[in-house]
Colleague: 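Sending over a structure as structure tokens; questions will come in a sec.
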Protein chains: 2
Amino acid sequence: MRSVEDLVRLFRERGYKVTPQRRLIFELLAGDRSHPTAEEIYQRVRAVMPEVSRTTVYNTLRELITLGELRPVENLSEGGTRYDTNTTHHHHLFCVQCHALIDIDREFEGIELPPEEAAGFRLVNYQVTFYGYCPDCQRADGGRPSQGKE
Amino acid sequence: MRSVEDLVRLFRERGYKVTPQRRLIFELLAGDRSHPTAEEIYQRVRAVMPEVSRTTVYNTLRELITLGELRPVENLSEGGTRYDTNTTHHHHLFCVQCHALIDIDREFEGIELPPEEAAGFRLVNYQVTFYGYCPDCQRADGGRPSQGKE
DNA sequence: TTTTAGTTTATAATGATTACAGATTAGTAA
DNA sequence: TTACTAATCTGTAATCATTATAAACTAAAA
Ligand SMILES: [Mn+2]
Ligand SMILES: [Mn+2]
Ligand SMILES: [Zn+2]
Ligand SMILES: [Zn+2]
């Protein structure tokens, strides 16, 4: 995500107005590496401008996402937790269109995190997720989220 | 996840009663590899026993999870979407206790999915997530979800 | 059978997010 | 500067996924 002033310029270019609320959200996010939730951002905003509404925070986040300046952390359970009958360690292949989720039961070599990159974490597991288009969605490329199988 | 009869035995062993509702949910899940949501399971249950309630489905799923026979698909945005100011391709390190989420900006070698394992998918991306305990949570191992930094 | 602890159901409550409508304002142009 | 207006903001209601509650029901032990 760019600097506050770049975001201001970008918003103006695209015909979005630059309000004090938006500018404050830019300032709070520009330096942030903590992957905050909307609620956390709202609380930080409120500490400075107590009258700002949650809706404005949600709206501004959505705008930043639309402009490609922010993104939601990847989440395979959009629209409800998904349950896995495979309780052993394994990886996944996810269709970004129809949300088909397929197990990958083999192991990958070379996925090590040297201590200096592990930020002091004691590691217990890791998981790889591949994103792509399943055969059904490649074919029916019209666009509507087909339901794949069944 | 085990066979229906094994699940029946397991439930009896642990003092859970085996009701027709539970047995049906076992039957629907035992062969399933689709990573269904609670709502999808509920709809499948309802097609057979229309009077079963959503609550029973949720309860049974929770029991299966408690017994280690089922698990929720990993999700870094438990309790609300998290927003990422880093919009470029990168990986993550996640504290399973306080949910701290840290970027890993380097690439991993050897993460290839040969076509025969790709199930016909056209791949567009992949992501690695490491799970572990952050330094704060290793120290304060009492258990309560400390908030880490800030 | 009878008993009862555990289970189910319907309904209410909660938490995250989106939809809406009326009040407010950024940015433009006179 | 002032006036204008489309865009934005706020408060509130609605929606969706999930959990809590309490009264009715029942599996399984005696
Ligand atoms: Mn799986
Ligand atoms: Mn990140
Ligand atoms: Zn698909
Ligand atoms: Zn931690």
Colleague: Using the side-chain contact (heavy atoms from CB on, under 4.5 Å) criterion, which residues pair with B/Thr37? Sequence neighbours excluded.
Modeller: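 In terms of side-chain contact (heavy atoms from CB on, under 4.5 Å), with neighbours along the sequence ignored, B/Thr37 is linked to A/Arg82, B/Glu39, B/Glu40.
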
Colleague: Give the C-alpha distance, both sets of side-chain angles, the deciding distance and a yes or no for ring-ring contact (aromatic ring centres under 6.0 Å, His included) between B/Phe130 and B/Phe108.
Modeller: CA-CA 12 Å; B/Phe130 293 89; B/Phe108 295 92; 5.6 Å; yes

Colleague: Going 5' to 3' along nucleotides 6-18 of chain C, which nucleotides have protein heavy atoms under 4.0 Å from the base (write B), which only from the sugar-phosphate (write S), and which from neither (write -)?
Modeller: SSSBBB----SBB

Colleague: Quick one: list whatever passes side-chain contact (heavy atoms from CB on, under 4.5 Å) with B/Ala118, sequence neighbours left out.
Modeller: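 So B/Ala118 forms a side-chain contact (heavy atoms from CB on, under 4.5 Å) with B/Leu113.
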
Colleague: Are there more than 12 heavy atoms of other residues, nucleotides or ligands under 6.0 Å from atom CZ of B/Arg14?
Modeller: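 Open.
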
Colleague: Specify the separation, in whole Å, of atom CZ of A/Arg9 and atom C1' of C/dG27.
Modeller: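 From A/Arg9 CZ to C/dG27 C1': 18 Å.
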
Colleague: Taking atom P of D/dA17 as reference, at what distance in whole Å does atom CD of B/Glu40 sit?
Modeller: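 For the pair B/Glu40 CD and D/dA17 P, the rounded distance is 11 Å.
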
Colleague: How many whole angstroms separate atom CZ of A/Arg23 from atom P of D/dT8?
Modeller: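 Taking CZ of A/Arg23 and P of D/dT8, I get 15 Å after rounding.
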
Colleague: Step by step, work out the ring-ring contact (aromatic ring centres under 6.0 Å, His included) result for B/His92 and B/Tyr131.
Modeller: CA-CA 9 Å; B/His92 284 128; B/Tyr131 299 89; over 10 Å; no

Colleague: A/Glu78 CD to D/dT18 P: how many Å, rounded?
Modeller: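 Distance, rounded to whole Å: 12 Å.
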
Colleague: Between A/His35 and B/Tyr83, is any pair of side-chain heavy atoms under 4.5 Å apart?
Modeller: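 Sidechains of B/Tyr83 and A/His35: no contact.
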
Colleague: Nearest-Å distance, CZ (A/Arg12) to P (C/dT28)?
Modeller: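 That distance rounds to 8 Å.
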
Colleague: Taking CZ from A/Arg14 and C1' from D/dT8, how many angstroms apart are they, rounded to a whole number?
Modeller: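 Going from A/Arg14 (CZ) to D/dT8 (C1'), I get 19 Å.
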
